[in-house]
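Following: one structure in structure tokens, then a few remarks.
In what follows, chains are A, B, ... by sequence order, proteins preceding strands, each numbered from 1. No experiment lies behind these values; they were computed from the predicted model shown. When reading the values below, keep in mind they use all heavy atoms of this one structure, side chains included, and skip hydrogens, waters and symmetry mates.
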Amino acid sequence: MIFQRKPMQDKYIPADIERAAQQHWDQTGAARAVEDHAKPKYYCLSMFPYPSGKLHMGHVRNYTIGDVLSRFHAMQGYNVLQPMGWDAFGMPAENAALANNVAPAGWTYSNIGYMKQQLQSLGFAIDWQREFATCAPEYYRWEQWLFTRLYAKGLVYKKLGTVNWDPVDHTVLANEQVIDGRGWRSGALIEKREIPMYYMKITAYAEELLTELDKLTGWPEQVRLMQKNWIGKSTGVRFAFPYELDGRQEKLWVFTTRADTIMGVTFVAVAAEHPLATRAAQDNPELAAFIAECKQGGVAEANLATMEKKGLPTGIFVAHPLTGEQVEVWVGNYVLMSYGDGAVMAVPAHDERDFHFAKKYNLPIKPVVLPGGLSLKTGSTPAPADVSDVRPIEHLWAGEWNIDFGIHGELFNSGKYDGLNYEAAVDAIATDLATKGLGEKKTQFRLRDWGISRQRYWGCPIPIIHCPSCGDVPVPDEKLPVVLPENVEITGAGSPLAKMPEFYECQCPKCGGNARRETDTLDTFFESSWYFLRYACPDNATAMVDERVGYWCKGGIDQYIGGIEHAILHLLYSRFFTKLMRDVGLIGDLGEPFANLLTQGMVVAPTFYREGENGKKLWINPADVDVVTDERGRPTGATLKADGQPVTIGGTEKMAKSKNNGVDPQALIDQYGADTARLFIMFAAPPDQSLEWSDAGVEGAFRFLRRLWKLVVDHVQAGLVTACTNNDGLSAAQADLRRKLHQTMGKVADDYGRRKQFNTAIAAVMELLNAYDKTHLTDTAGRALAQEVLESAVLLLFPIVPHIGQALYGELTPGSDACRAAFPKVDPAALKQDEIELVVQVNGKLRGAIRVPAGADKAAIEAAALANPDAQKFMDGKPAKKVVVVPGRLVNIVV
RNA sequence: GCCCGGGUGGUGAAACUGGUAGACACAAGAGACUUAAAAUCUCUCGCCGCAAGGUGUACGGGUUCGAUUCCCGUCCCGGGCACCA
């Protein structure tokens, strides 16, 4: 018999085996996904990257997780789809254009080219035939098409929206570009400005988006909760304060969830943009100045909410709807026009914000709800001695805010409502308001409609034509796509499209007259809200989606993986789009788009900067910085490697282009190979935990792979044998190893499949190989066991380190292909154990251990524990009061 | 400010449903092999203590036979806050 094979390399050389493995996968089409109704499908999707230039560690982490799950499920017999594409529109391309004088399109495509090659070098089992970039007209034409359908249904509409206006650059800025209230390039004070924008009616789906959250059992509870709070359903009362102004009877509407406190209203606050504020400012210059001041600064809610609360009286009074008492209207900078009616009733005694505002401006505080479970009726503890005397209670409000003031309780000081609890009071008050025609119970959502217009160039053109006689006219299907011109000049001042007559000059599709094309583009969240459906049919030139979506997305995408930072917006918009597309009749009722969600923790890194001219921060990459630490390892300072001069240490933040703190994985891959990079990042932390980047430990990951290689080399050189399939002929130590092997198989499958915690799976295989090293395996039975352990260990690790796995499995089982191997199956017979060890505690403290037969009953275990000399020593001769036996774990003796 | 997470050795972390705190690694130290270095192998490694033992999971309280895990409060760090993606 002549069987010639190339002898196995003694040394682990990742570059060689990775090239060979990737070539093999390419040639065999290992990652190609084809619809196959004979197998269960597994659509494994990782959030597609923005092509920012190079991969960063967050990408490596994200896509390795996806690849591990994809490969694991393929080994379990699933028909796996793992696609990849590019979220290619967005602001960074325009910023790069400004900084380096390159066209956004060219910059984007070249980044895609580089990053694709990086992804390929990591050996991900991606079906590249489904790749697309969202900046391609073949992709975005379909969202333009959908836009016109939604516009026709009224699900897209136009209204005024507030933006950040840079008065120097004459341009609209993103929130990220507003730093401390100033434009990032001009340094000018930013103003709020109202402009017409297109909105999507996501509020029409608020109820469905909320209730369907309950069905998302494959999502982290945390994300469901965040979405629930974001949608923010609240039930309360919408009511009006009537008033007379300029000879007309008017109503000032507000919404409250605390109608029970309505008798405690001492003033009303409206937003600076509220019509009543505008009216009052007409003959009040001071108020007009205040309103102008409120217009300064950015629109981001975080800024508004942390601002000092300021206000000014309008001099206008409205009538309390129940008492008729006159209540003054104030303008407050903390009241948001975009929430509800842009006006709130103020009850300083029971709302913390109102309380501080009232204290600041000496407005009356009128308590109407008893704090801390007090009751007028029963005088229940801890009531003051004389409960009929309410003065001591009111005196409580003289001091600081107390958390009890905001809690539901029994009403007092409220006339006919005295003694009612929260629910009864709200019911009674709502009824009385309704009788007067001044209000009713109402459900309100915090969720607002989604503004999708952007005054930017690098995005999907909005397919609308403005005609002087016909109004806004959607671009007809046969004129789609509206193609974004790719050769433009970016100046940073205003939208380039608005300066291109060749783009905006057009004819009205209805009347044929001269008209102007919309020059705003769509929010890039638009593209990422449906890309996951397009992966099923990227080649369809005649329809947005087709029946293949029904195959791959039935019951939802099986696994979605991406950063926790997308927990609200992207995931909510994607859920919304799926429902929209269902209602437009594009897809059947697929249900929720993502059946299982894994929210990856952020890869964070320290930030470093220097202040440039006019105080602008120039961010410096961590790779270019030396950090000085004290003896405890705490950073005390940092210097730039290039010049040795100090740089300022910023916070530790998610790796982002804007802070220049991304770490390029390429150096890691070049030095150690893709498998080490993959193994290391999976071993560093569980996937949902945030991970502060450090490459300490990479060496250890590489060492482990080298050791695995050597274990297989040694075994192969001694000669291959048939793998062991049962415990016959094994020594006790060998049986222990075989038990460990099969325990490890179960543990790793559970970690991959259920827990999605890969660091512990790797640790388990490390433990197994440590045990392997310590077991005598030179006899015939031992050699067969060695073969079984090595074959299994290689397959257990294959999803994480597929290149070395491909090579080693080929050596261990010549002629086979690791890509076609099934995941190792546990042999229950190998798990059997005669004796187990139990820990003995005395009063909850570990004092000893006993060995008992595996099937020992409770009484026998108790007896053995009480007889244990270590336990007796600590029982001090006292009798056991109680003995707690936790089967399989421990015995606790209480004395 | 509001919503959601997190805090365990020198470091990354483990402990899955309330049951042995620190698995598995990194770093460090000691030793073996080597002319030497690298690589590899062996041992030590939370803190206090010679030891017995005590103590320890951000901090303060609580529930429990037993708490890293559950509850209340405080502090610190991270994510999101609707135009970063």
Side-chain angles (χ1 to χ4, degrees), chain A residues 47 49-50 52 87 90-92 95 161 163-164 172-178 220-223 225-226 228-230 232 298-307 309 334 338 352-353 446-456 523-525 528 563-570 572-573 599 601-602 604 631-633 651-654 656-658 683-686 688-692 694 696-701 703-704 706-707 710 750-751 754-755 757 759-760 762-767 770 837-841 843-846 849 881-884 886 888-890 892-895:
Chain A
M47 289 181 186
Y50 177 78
S52 55
D87 189 13
M91 225 172 46
N95 296 340
V163 295
N164 302 306
V172 175
L173 296 184
N175 286 335
E176 193 192 44
Q177 298 171 309
V178 179
E221 192 51 46
Q222 177 201 159
V223 177
L225 193 56
M226 279 193 263
K228 180 175 182 244
N229 291 338
W230 184 263
V299 299
E301 193 195 312
N303 299 332
L304 301 174
T306 49
M307 261 181 346
K309 312 280 172 287
Y334 64 93
S338 48
E352 187 172 2
R353 218 166 36 174
R446 202 188 77 98
L447 183 69
R448 308 198 299 258
D449 276 341
W450 171 18
I452 50 176
S453 294
R454 297 292 179 270
Q455 299 68 46
R456 272 191 271 286
D523 179 2
T524 57
F525 273 126
S528 56
I564 182 71
E565 69 272 26
H566 292 296
I568 295 176
L569 293 179
H570 162 63
L572 189 65
Y573 293 150
T599 45
M602 224 98 34
V604 296
E631 64 275 24
R632 281 184 169 181
T652 297
E653 297 181 53
K654 75 166 167 170
K657 198 160 181 71
S658 60
F683 188 54
D688 54 354
Q689 211 164 98
S690 74
L691 172 60
E692 187 166 347
S694 151
V698 174
E699 194 68 47
R703 202 149 48 207
F704 174 71
R706 193 160 53 196
R707 179 169 162 228
K710 181 152 189 309
D750 188 48
D751 278 350
R754 177 182 63 93
R755 296 218 299 158
Q757 189 167 299
N759 55 334
T760 47
I762 296 164
V765 179
M766 286 174 169
E767 274 189 68
N770 288 347
E837 194 181 74
L838 294 180
V839 154
V840 181
Q841 295 180 335
N843 287 338
K845 286 192 179 163
L846 173 64
K881 267 190 224 155
K882 187 176 172 182
V883 181
V884 182
V886 182
R889 292 212 173 253
L890 57 72
N892 187 17
I893 302 165
V894 186
V895 294

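Within 4.0 Å (heavy atoms only), A:Thr306 reaches at least one base atom of the nucleic acid. The residue A:Leu890 sits close to a base: some heavy atom pair falls under 4.0 Å. At a threshold of 4.0 angstrom between heavy atoms, the contacts of A:Ala684 are confined to the sugar-phosphate backbone, with no base atom among them. No contact: A:Ile893 has no heavy atom under 4.0 Å from any strand. Contacts of A:Ser694 with the nucleic acid, taken as non-hydrogen atoms under 4.0 Å apart, are absent. Contact annotation for A:Gly563: no contact, since no heavy-atom pair falls under 4.0 Å across all strands. A:Arg889 comes within contact range of the sugar-phosphate backbone alone, with a heavy-atom separation under 4.0 Å but no base atom that close. No engagement by A:His570 is indicated, since no non-hydrogen atom pair under 4.0 Å with the nucleic acid exists. Residue A:Arg353 is out of contact with every strand shown, counting any heavy-atom pair closer than 4.0 Å. Nucleic acid contact class of A:Val163 (heavy atoms, under 4.0 Å, all strands): base.
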Where along nucleotides 52-57 of chain B does protein come under 4.0 Å, by heavy atom, of base (B) or sugar-phosphate alone (S), with - for untouched nucleotides?
SSSS--

Between protein and nucleotides 60-78 of chain B, map the contacts as a letter string: B base, S sugar-phosphate only, - none, heavy atoms under 4.0 Å, written 5' to 3'.
-----B------------S

Going 5' to 3' through nucleotides 23-33 of chain B and flagging B where a protein heavy-atom sits under 4.0 Å of the base, S where only the sugar-phosphate is that close, and - otherwise, we get BBSSS------

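At the phosphate of B:C81, neither OP1 nor OP2 sits under 4.0 Å from any side-chain N or O atom of A:Asn175. For the OP1/OP2 pair of B:C83 and a distance below 4.0 Å, the side-chain nitrogens and oxygens of A:Arg454 include at least one atom meeting the criterion. The side chain of A:Gln455 contributes no N or O atom lying less than 4.0 Å from OP1 or OP2 of B:C83. Contact annotation: A:Gln757 side-chain N/O to B:A15 OP1/OP2 distance is under 4.0 Å.
Straight-line distance between the P atoms of B:A28 and B:C77: roughly 31 Å, to the nearest whole Å.
With hydrogens and angles ignored, no donor-acceptor pair under 3.5 angstrom links the side chain of A:Glu565 to the base of B:C84.
Without hydrogens or angle criteria, A:Arg446 side chain to A:Trp230 main chain gives a donor-acceptor distance under 3.5 Å.
Along RNA chain B, the nucleotide nearest A:Asp87 and the nucleotide nearest A:Ile564 are compared for position; the residue whose nucleotide lies closer to the 5' end is A:Ile564.
Taking the six-membered ring for Trp and thresholds of 30 and 60 degrees, A:Phe525 and A:His566 have ring planes more than 60 degrees apart, a perpendicular arrangement.
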